[in-house]
Each structure stands twice: as C-alpha cells, then as structure tokens.
Number of protein chains: 2
Amino acid sequence: MARKATIRDVSLAAHVSVTTVSRYLNGSIRLPAETIQRIDDAVKALRYTPNPLARSLSRGKSETIGLVIPEIANPFFARLAASVEATAAERGYGVLLCVTLNNVDREIDYIRRIESKQVDGVLFSTNHPDDGRLLDALKDVPCFVLVDEDIAGADVPGVFAENRGGALEATRHIVEAGHRKIAMLSGPKKLLSAEERRLGFLDAIQEAGPGHDAVAIFDCAYTVEAGEAAAENLLRDHPETTAVFTGSDELFLGMLKVFRRHGVRIGDDISVVTCDDVEPLALFEPAITALRQDLPQMGRQALDLLISTIAGKPVPERHILVPMELMKRDSVRPPRRRARLR
Amino acid sequence: MARKATIRDVSLAAHVSVTTVSRYLNGSIRLPAETIQRIDDAVKALRYTPNPLARSLSRGKSETIGLVIPEIANPFFARLAASVEATAAERGYGVLLCVTLNNVDREIDYIRRIESKQVDGVLFSTNHPDDGRLLDALKDVPCFVLVDEDIAGADVPGVFAENRGGALEATRHIVEAGHRKIAMLSGPKKLLSAEERRLGFLDAIQEAGPGHDAVAIFDCAYTVEAGEAAAENLLRDHPETTAVFTGSDELFLGMLKVFRRHGVRIGDDISVVTCDDVEPLALFEPAITALRQDLPQMGRQALDLLISTIAGKPVPERHILVPMELMKRDSVRPPRRRARLR
DNA sequence: CTGAAAGCGCTTACAG
DNA sequence: CTGAAAGCGCTTACAG
C-alpha cells in the first residue's frame, strides 16, 4: 500500500496552500468554483481522507466518546450499548468500548482518558457500590454522564430508570391479582436500582393495607447463582409465599431453575413479575410478566445529555428518569386457596 | 480543571530534557537513580499521563482496534464482542466499536480508518452477502481479520466456526434418535455459515442412507420473523416432518412461536436441534438441544490473529476453524409412530 | 549517555 | 480573501 496522502499532497496537487485545503474541507471558507474543482480533483485522485488523529490533536477533541459498562455479554448492557452506539453514530461520534467487569482500575483508567483528550466524554455504567475511589477519580472531571446506576455522593448528570414507580406498579399488579404473601428477590444493597425497587415494592405492600405481607426480601447480586440461592431459601423458609417480584432477569432465571427442580409451577403454584425483560420472556411457558426498562430511550437520552455537556450547553435536568413499562403476560394469576409451596 | 500537564511540564520540573522523559517513560533508557526520582516526583506532582493522541500520531499506531459487527443487541455478537474486548484489554488494546446493521457504507468507513491510522487493524464481521463493494474496499488493506462469516473472494485471514462438521454431528444426532423425515431452517444463501451448515446437514442425511429425507430446506434471513414464516410453511406443506434443524437461535425462536400457536409440542410432536445456543435454551421446557458456537475461543483467536498481523508476524494458518459443541438436552426424542403435524 | 530539533498531520491566529 | 508559520503533545534520528 502506497503512503497515505496527506493534506500537503492535496495542496501541492491543487496548487493552493494547506490552509486553504483545510478550510475548504472544513467548510469555513468560500472559494471560486475553479479552485474548488482543483481541490476536489486532487482529493479524489489521491484518495485523500483526513487523519482523525492529527485532527483531534489539533482541535483538542476527538469526536469519540467512551462507553464504560460492567459487561457486554449481558443482554441488558448489550442493548444499552446498541442504543448508545446507534445514537453516537447519528451524531458523528465514535465509541470506544470499555468492559470493566466492575474492575475499579479499568473504570478509573477510562475516566482518565477524558483528561487526556482521547475521548470527549464518558458514558458510565457501574454495577458495584463505590468504595470512594470512583468518587475520588471523578473530581473535576467534565463531560461525564452516568447511566442506569448512581455513584453515591457524585454530583454528576445521569439517566436512570424510574425504578421506584415501576416497582410500585409491578407489585400493585401482583396485589390486584389477590396475593397477600409476596416476596422479593432484590438486587445488591447500596445499588440505586435495588434500593429504589425495594422502596417501590414496599410502597405497594403498604398501600395494599393490612393482611398484605412482604414475606421476605433477599439482597442478591444480580446473578443467576444468587437467584438460585435465594429461591432455595424462599422455598425452605417461606412456603406460604404466593408471589415473587424479582429484581432482574438473572435473578428470575436462577429462581426458575430452582422452581423446576422442586416442581413448583409458575402461574399455577406461584406468580412472578421480574425486572428488565431483556431475555425472551414472552416465549417462556407461561409467558413471564416483566417490568421492562426502556433501554433505547435510556441510551439515547444519556448520549444526548453527554453531547450537550461536551458542547458546553446548559443542561436543565441533570437527572433524567425514564419510565418503565409493565409487560403484562401470563405469570401472574390469582393465588390458589391455601396454597403452600411444600 | 487546570490545564493538563504535558511532557514538557514534567521535563521542566525534573530538570531534564523532554527526550529523556519520553525515553524513560517508554523504558528505552537507563538512568541514574537520582534522575529517576526527579522524574517520578514530577510525574506524580503534576499528575502527568501521556496524551495517547499525540503518541499515536507520532508513533504511527494507536493501540486501538476496530470491532465491526452487524449488531450488538444480538446476544451472539454481544458475546463475541465480550471475548474480543476482554482479550484486547489483556493485550493493551482499546476497542473502537462499530455496529453496522449491515450498512455497507459504515462497513467501508471503518475499513478506511485502518489507512488513516485511527485503528491499527479491524476485526470484521458481516452478515450479508457482499455485492462487490466490500471486496473492492479491501484491496491492499492490511491488518484485517474476518470473524464468523466470510467475504466471497476476499483473500484475508479469518476465524470461523467448524460449521459443516458441527451440522453433520447435530443432524447425525437427530438421525440416531430414529428420525427419517428431517427439515432444515437454513440461513441466507451465500452466507458461509448457512452454506456450510446446509452441507453438513445433507452429509448426515446422505450418510444415513435410503429412507432418510431432507424433507425441506428453507433459506431464511437470520431473524425471528423469517423463522416464523418458514415454520408456517413447514407445517402447511410438510406435515410428515418429525425433526427440524434450525440454523440459528432466532430461527428457532420464530419457529417456536409458530409451534405454540399450532399446539405442536417440541420433544413430543417434533424434535429440534438449533445452532448458536446463546439464548437461555437450557431453561426452556423441554430444554433445547443446541449446536453451540465457541464464541470465547473465536473472539480470542481472531484478536490474536489480528494482533499478529499488526505486529507483522508471519501467520501460519490464515483460516482458523473453531470446533462447535453439541449440547445434548431434551428436545430430540424418538419420533412417534405415524406422526403427522396436522 | 544526553538534548536540540525535526517530524507525525492536522488547525487556526496572525500578518499581508 | 490567501498563505506562512506556530502549535497540538508526543517520539526518535541525529549530532554533540
């Protein structure tokens, strides 16, 4: 492959200065038609495309954002990433992907890349409670937007699901089907989504009034394994339970495995609503009712918020709450009389 | 935020030349302990980190690779991306993510970024038959590795699943359960995975000998909708079918919807094996037997192949075939006698 | 061994 | 309106 053409080559071939070529290509100049022609010809003949690295270095911005997420194989974050990437592409931004697996060093590494101008800003999603290091690394960092989960004490813009309201609605739906003994497999303590959903769950129980019990609330990591463990405990210690609200698809999937092992049938023996709805829950039998996160909206809004910050625009709402939608399917049914799970 | 420190600031503070700082930081020089101390102190005091943009421009490489995939919300590509990103991080490479939705312009855009040095190389996955434009854009492009699907006529290194052998094994498994009337929902014509799996499927039918029929082979896009359409046709036109091999999880999911609608029970009425195994198929009832792609291996091998190419190392095998694994579960059972789907 | 200087490929304030 | 020159922040061949 021949050496790649530079702006200098174009200027030589078109008999104009480098300055003129640069200005013309960036649209900051009006030129006689004839000059334009010469430049266009040269660009075409040399197959010239600007070097984005040089441009970034010179301009001080890279037209690239960093997308920092805990996982990508997880469909939740994969969908979030899809929305972010699509919006970024529309806006002319590239996306540097960083999968942290909740490793704080990697998280901090990417925050640093804002200062070093490698990225113009970072969209950040973290899945573990902060021990203070994140908060520390965030000092004076501009152009940083959180999505999905919060960092305690951080005064940064962010986009989150309307977790509490969503959980309230989901639990209400369970209550309205006639359930009185309801359990929750909740996410990890100190995580915004878990805390808020727990509150929404309790709101609904309280609203339902006397006779309605939050039988048990398990704090779990958002994993299939944690869902299994909690479900085993639930069956053993709380057989009076007739409905469960699970805080994520993973927790639901783990619980489902346990129910299968013990012959507990969803719908018939126990009602279920889960959060997320990123797995093909509509194709399970029965189809699973789920509180869906509007990932397309969250990704889009978060990216636009970030771009506004990068552009230095005043940001009216620093915290955007995106509504969740309850997808009513077939896993919530009236409880059987005197039902017991064992 | 104060202006970010540059190498110049460090050199001033440490009373050495910029050259020395650069060399020391890059490990290409041995220095007296005392000088080292001064530089380290300056770096720490100024919170200096090198500007990667400037470094890349100067060195002519960016330590970044482009990952070009058709989709990211699709769990198949999400898992591939997870493996690629993890390996890249280990090797010290950043990942610029490009989701093309099979848009050729976006594909070509990213190929161009190799020439412009924004990325050192590209890992490329495309999901549509090439009309020649891709092949054209690939001329003289170095540091390009294909993964999962091929581009017809392109003489570039690549990593693929052992599709034919896998399909042979999967279909053999169906035959061994006693099936004689077997259909296939295949992927799009001209796509490597589809062509190869079709061949493997036919290999097995032929091997099974007289009395064994490939009842029908449907060429489908790899989508749920295409799976639905094909399954409707299958039920209508080929009720003698007792087993189906589907070429992707999406096709399977589409077919499943149709089976549900028509009351056809997997396992009892019809046996099924699908490809990919990226959906939670083990949790379906019955658990679905699937030909699993080893995405972690594919991503890792592809990235290492790319890095070798970037480093200019001779690459012994330009085409790497990664074995598939048949996950035997519960969706293949002996056919019922005189079974008819309608 | 050390450092001044050129160069990577752009953009843009400044002068003509 | 146009262009020579400085600058973005590094690396490295070259000279001392």
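Numbered from 1 within each chain, the chains take letters A, B, ... in sequence-line order.
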Heavy-atom donor-acceptor pair, S58(B) side-chain to dG7(C) base, under 3.5 Å: yes
Applying the 3.5 Å cut-off to both distances, the Watson-Crick or G-U partner of dA13(C) turns out to be none
Of the nucleotides [options], which one has an atom closest to the side chain of [X]?
{"X": "R23(B)", "options": "dC8(C), dG3(C), dG3(D)", "result": "dG3(C)"}
{"X": "T6(B)", "options": "dC10(D), dT11(C), dC10(C)", "result": "dC10(D)"}
{"X": "T20(B)", "options": "dC10(C), dC10(D), dG3(C)", "result": "dG3(C)"}

Between A54(A) and V18(A), just flag the one whose closest nucleotide in DNA chain D comes earlier from the 5' side. V18(A)
Just how far, in rounded Å, is [atom2] of [N] from [atom1] of [X]?
{"X": "R55(A)", "N": "dT11(C)", "atom1": "CZ", "atom2": "C1'", "result": "9 Å"}
{"X": "E34(B)", "N": "dT2(C)", "atom1": "CD", "atom2": "C1'", "result": "15 Å"}
{"X": "L57(B)", "N": "dC10(D)", "atom1": "CG", "atom2": "P", "result": "12 Å"}

Closest approach of R133(A) to D131(A) (non-hydrogen atoms, all atoms of both residues): N-OD1, 3.0 Å
Return the minimal non-hydrogen interatomic distance between R38(A) and V16(A), and the atom names on each side. NH2-CG1, 3.7 Å
Heavy atoms only, 4.0 Å cut-off, all strands: where does [X] land among base, sugar-phosphate and nothing?
{"X": "Y48(B)", "value": "sugar-phosphate"}
{"X": "L53(A)", "value": "nothing"}
{"X": "T19(B)", "value": "base"}

With respect to Y48(A), which candidate in D9(A), I7(A), I39(A) satisfies the side-chain contact (heavy atoms from CB on, under 4.5 Å) definition? I7(A)
Are there over 12 heavy-atom neighbours, none belonging to R8(A), within less than 6.0 Å of that residue's CZ? no
